[in-house]
Trainee: 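Pasting in a structure now, in C-alpha cells, and then I'll have a few things to ask.
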Protein chains: 2
Amino acid sequence: MDNKLGKSARVGIRDVAAAAGVSPTTVSHALSGARAINPETRVRVLEVAQKLGYSPDLRARGLRSSRTFTVGLLSDTIAVTPYAGLIISGAQDAAAEHESVVLALDSTGDAQRELLGIRTLLDHRVDGLVYARMSHQSVTVPRELDGIPVVLANASSAESKYSSVVPDEQQIGLDATGHLLGVGHERIGFATVTENVPAAAGRELGYRTAIQAAGVPVNEAWVSASTGDAKGGREAGRAILDRENRPTAIFCFNDEMAMGVYQAANDLGLSIPGDLSVIGVDDLQLITRALVPNLTTIALPHYQMGHWAVSQLFAQAAAEPNAHKAERLHCQLVQRDSVKAPNG
Amino acid sequence: MDNKLGKSARVGIRDVAAAAGVSPTTVSHALSGARAINPETRVRVLEVAQKLGYSPDLRARGLRSSRTFTVGLLSDTIAVTPYAGLIISGAQDAAAEHESVVLALDSTGDAQRELLGIRTLLDHRVDGLVYARMSHQSVTVPRELDGIPVVLANASSAESKYSSVVPDEQQIGLDATGHLLGVGHERIGFATVTENVPAAAGRELGYRTAIQAAGVPVNEAWVSASTGDAKGGREAGRAILDRENRPTAIFCFNDEMAMGVYQAANDLGLSIPGDLSVIGVDDLQLITRALVPNLTTIALPHYQMGHWAVSQLFAQAAAEPNAHKAERLHCQLVQRDSVKAPNG
DNA sequence: GTGAAAGCGCTAACAG
DNA sequence: CTGTTAGCGCTTTCAC
C-alpha cells in the first residue's frame with residue numbers, strides 16, 4: 001500500500017512491527033521461533049510480514065548472531081570434470097537443509113590463488129569450510145584455516161583434527177573384482193594408474209584381495225599401469241591383452257581408461273562383452289552411456305561426499321567441535337552391458 | 001601480542017585504531033582510500049592493520065554501504081556436464097576482479113526449487129544475479145527477480161531489458177562447415193538434434209549458408225536429426241552414411257553426437273579421417289581427447305560467458321542500468337585429427 | 001587533514 | 001508472554 005514499486009525502501013522488521021502493532025523484538029521471535037509467542041500475535045505477525053513482502057536481511061541477522069549462513073567450499077580445478085558440480089551440488093543441498101548457502105571457490109591448483117580464496121572466504125566470515133579435491137588425494141590443510149571449522153571432502157589429511165570423507169577405495173576394488181568373479185571370470189586384469197594416490201593403492205588392494213580370496217593367483221602380466229585417461233587405457237589395455245594367455249575381464253581404474261580399453265580391444269578384434277568384460281569406476285555418464293556396449297562401472301559418491309562434508313560441518317558446530325570422524329563412503333556398482341560370463 | 005591463539009576476539013577496525021593512535025574513521029578511510037589521508041598516518045595504519053592481522057568484515061561493511069560483494073548465479077542442472085563448472089569459473093574470476101564472490105545455486109530444472117533459490121539469494125542480498133542455462137536456450141526471467149540487476153548467460157529472453165550473452169551459433173555452423181569446405185570437402189553432412197533450440201537453428205543456418213556460398217547444393221539426405229547424445233549420433237550417423245552417395249564429412253551438433261558418428265563409421269568399416277572427416281561442437285575434453293583420432297571441434301565459450309555476464313553486471317551498476325546489451329560470443333575452432341582432405 | 005556520532009537491520013540481554 | 005535497550009563492525013554524515 002504505502003510502498004512504491006521498484007526502488008522503494010526495503011521493508012524491514014520494524015515496518016512489520018509497526019503494521020502489526022507489536023515490537024520489533026516480537027516480530028523477530030515470531031519469525032525465528034526463538035522464544036514463545038502468543039499464537040495469535042504470531043499468526044498476525046506472520047501474515048503481516050507476508051503481506052508486506054518482508055524478507056530478512058541475512059547479513060544483519062548474522063552480524064548480530066555471528067553467523068553468516070554461508071559455508072565455503074574450496075577446491076582445486078572446479079572446471080574440467082563433472083565431479084566438481086556433483087560435490088558442490090551435494091554441499092548445496094546439505095547447506096540448504098541448514099538454511100545456508102555455499103560459497104564455492106576454486107584455486108585451479110595454484111597455491112597463490114588458494115591463499116587468496118581463503119582470505120576471501122574468511123572476509124565473508126563463512127561459518128565453516130569444506131576443503132575439497134576433485135580426485136581423492138592426501139592433503140595438508142593450510143594454516144590460514146585454523147580459525148574456523150574445516151571438513152575434508154574427497155581428501156584425507158595426516159592431521160587427525162579434521163573430519164574427512166572419501167570413497168571406500170578398497171571396497172571399489174573388492175566389488176568390481178567380485179562382480180567379475182561372480183559372473184564366472186577367473187582371469188581378471190587390472191588397468192591402473194602410475195601415480196601413487198590413495199585411490200590406486202586402495203583399488204589395487206581390493207582387487208588383489210578379491211582374487212586371492214577366490215583362490216586364483218594374480219597374474220602380474222595382467223596388471224598394467226599408465227596415465228588415467230583414454231590414452232593410458234589404450235596402452236594398459238594393449239599391454240594386458242596383446243598376448244596368448246589373456247584375461248577375460250579387465251577392471252579399469254576409471255571410466256576414461258575403460259574407454260581406452262574398449263579401443264584396444266577393438267584394435268585387437270576383441271568384442272565386448274563377448275571376448276572381454278570391462279568394468280570402470282566413476283560413472284561418468286558422458287562416457288558410460290556413450291560407449292557401446294554401455295559401460296558397467298562403480299559410481300564415485302561425489303554428491304554424497306559434498307553432502308556429508310557440510311552436514312558434518314553443522315553437526316560439529318552443534319556437538320563438541322572435536323568430534324572428528326573419518327568417513328569412508330560405500331560406492332555403488334552400476335550394472336550396464338559391458339560384463340557377462342566368459343566364453344566357453 | 002595481546003591476542004590469545006584461537007578463539008580470541010577478532011581484531012576489528014577499532015583495535016587497529018587504538019594501536020595506531022587514530023580514530024576508527026581514519027582507519028576506515030586509510031583502508032578504503034575513500035578520502036584523503038596524511039600519507040604517513042596512512043602507511044602507519046596499514047602496517048598496524050597488517051601486523052594485527054586485521055581482516056575486514058564484509059557483512060558489516062555491506063550492511064552500512066548496502067552492498068554484499070556477492071553476486072548470485074542461478075542455473076539449471078549444475079551437475080551433469082563440465083559446462084557448469086566453466087560458467088561458474090568464469091563468473092568467479094570476473095567477480096574476483098570486483099572483489100566479489102559468487103553464490104551459485106542450481107534449480108535442477110525444478111520451478112519450485114528455483115523459486116526457493118531466488119528467495120535465498122535475495123535474502124543474502126546479492127548485488128546482482130546471473131541467470132544461466134547449461135545449454136543455450138530461450139528463457140523467461142522469473143518476476144521475483146525484478147528488484148535486482150540480472151544478466152542472462154547462455155540464454156536469451158524475449159524481454160529486452162536484460163543483457164545476455166550466448167554463443168554465436170550461426171558462426172559455429174559457418175566456421176565448422178567452412179573448415180570442412182576449406183580442406184576440400186564438397187559433400188558435407190549435418191548430424192543435428194530434433195529439439196527446436198536456438199543452438200540447432202543457428203548452427204543449421206550457418207551450415208546451409210556456408211554450403212550455398214560455396215556453390216554446392218545441400219543434399220537433404222545428408223541432414224539427419226536425433227537426440228543430442230552418442231546414441232543419437234550413432235543413429236544420425238548411420239542414416240547419413242549408410243547409402244551409396246554418402247558425404248565425405250559430417251558436421252555434428254556436439255561432441256557426444258560426434259562420438260556416435262565415430263561408432264557408426266566404425267560399424268560401416270569407414271575410417272576417420274581417411275574415409276570420413278568429423279567435426280564436433282563443445283570441446284568436451286573427456287570426449288575430444290579420448291576419441292581416436294582426437295576430435296576436431298568448435299569450443300563453446302562457457303568460461304567466457306560466465307565472465308562476461310558478471311562483468312556486465314558490474315558495468316551496468318556503474319553506468320546507466322538500462323544499458324543492456326545482447327552479446328554473441330565468437331567460438332573457437334580447435335583443430336585436432338578428425339579432419340583431413342577427402343580421398344581421391 | 002581528522003574525529004565524534006549516528007545508524008545499516010537485526011537479535012541478545014535485560015527487564016517487566 | 002512482551003517490550004526496551006544496547007550493540008554486532010563497519011561507513012557515513014556532520015563537525016572541527
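To find a chain, count down the sequence lines: A is the first, B the second, and so on, and within it residues start at 1. A quick note: this is a predicted structure, and the numbers were derived from the prediction, not measured.
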Trainee: Within this structure, what is the CG-to-P distance between A:Asp57 and C:dG7, rounded to whole angstrom?
Mentor: 18 Å
Trainee: Is there a donor-acceptor pair under 3.5 Å between the side chain of A:His29 and the backbone N or O of A:Thr25?
Mentor: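 The answer is yes, because a donor-acceptor pair under 3.5 Å joins these two groups.
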Trainee: So, A:Thr68 versus A:Asp127: side-chain donor-acceptor pair below 3.5 Å or not?
Mentor: yes
Trainee: What's touching nucleotides 12-16 of chain D from the protein side, N or O pairs under 3.5 Å?
Mentor:
from   : atom 1 : to      : atom 2 : distance (Å)
D:dT12 : O4     : B:Thr25 : OG1    : 3.4

Trainee: Using a heavy-atom cut-off of under 4.0 Å over every strand shown, decide if B:Ser66 touches base, sugar-phosphate, or nothing.
Mentor: nothing
Trainee: Which residues pass the side-chain contact (heavy atoms from CB on, under 4.5 Å) test with B:Leu58, not counting sequence neighbours?
Mentor: A:Asp123, A:His124, B:Pro56, B:Arg61, B:Phe69
Trainee: B:Thr41 side chain N/O closer than 4.0 Å to the phosphate oxygens (OP1, OP2) of C:dT2?
Mentor: yes
Trainee: Judged by each residue's nearest nucleotide on DNA chain C, which is more toward the 5′ side, B:Arg42 or B:Arg125?
Mentor: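 Of the two residues, B:Arg42 wins.
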Trainee: For A:Thr26 and D:dG3, is the shortest distance between a side-chain N/O and OP1 or OP2 below 4.0 Å?
Mentor: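 For D:dG3, OP1 or OP2 has a side-chain N or O of A:Thr26 closer than 4.0 Å.
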Trainee: Does B:Arg133 form a salt bridge (Lys or Arg N to Asp or Glu O under 4.0 Å) with B:Glu114? I'd like the steps, not just the answer.
Mentor: CA-CA 12 Å; B:Arg133 287 285 117 110; B:Glu114 176 168 285; 3.5 Å; yes
Trainee: Between B:Asp123 (CG) and C:dG9 (C1'), how many Å, whole number?
Mentor: 13 Å
Trainee: B:Leu63 has an atom CG; how far is it from atom P of D:dC10, in whole Å?
Mentor: 12 Å
Trainee: For B:Ile13 and C:dA4, give me the distance from atom CD1 to atom C1', rounded to whole Å.
Mentor: 14 Å
Trainee: When you check the side-chain N and O atoms of B:Gln304 and B:His330, is any donor under 3.5 Å from an acceptor?
Mentor: no
Trainee: Could you give the CZ-to-P distance, from B:Arg44 to C:dG1, as a whole number of Å?
Mentor: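 Interatomic distance, CZ of B:Arg44 to P of C:dG1: 15 Å.
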Trainee: Taking the side chain of B:Ser23 as its heavy atoms from C-beta onward, which of C:dG3, D:dG9, C:dC10 lies nearest to it?
Mentor: C:dG3
Trainee: In whole Å, what is the span from the CG atom of A:Leu31 to the C1' atom of D:dT2?
Mentor: 15 Å
Trainee: Please report the distance, rounded to the nearest Å, between CZ in A:Arg10 and P in C:dG7.
Mentor: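 About 21 Å, once rounded to whole Å.
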Trainee: Taking the side chain of A:Arg14 as heavy atoms from C-beta outward, which of D:dT11, C:dC8, C:dT11 is closest to it?
Mentor: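 The listed nucleotide nearest to A:Arg14's side chain is C:dC8.
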Trainee: Quick one: do the B:Gln316 and B:Ser163 side chains pair a donor with an acceptor below 3.5 Å?
Mentor: yes
Trainee: When you get a sec, tell me which of D:dT11, C:dC8, C:dG1 is the closest nucleotide to the side chain of B:Asn38?
Mentor: C:dG1
Trainee: With nearest nucleotides of DNA chain C determined for B:Ala36 and A:Arg61 from heavy-atom distances, which residue corresponds to the more 5′ nucleotide?
Mentor: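 By nearest-heavy-atom nucleotide position, the 5'-most residue is B:Ala36.
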Trainee: Roughly, in whole Å, what's the span from NE2 in A:His124 to C1' in D:dC10?
Mentor: 15 Å
Trainee: Has A:Thr26 got a side-chain atom pairing as donor or acceptor with A:Val22's backbone, closer than 3.5 angstrom?
Mentor: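 Absent.
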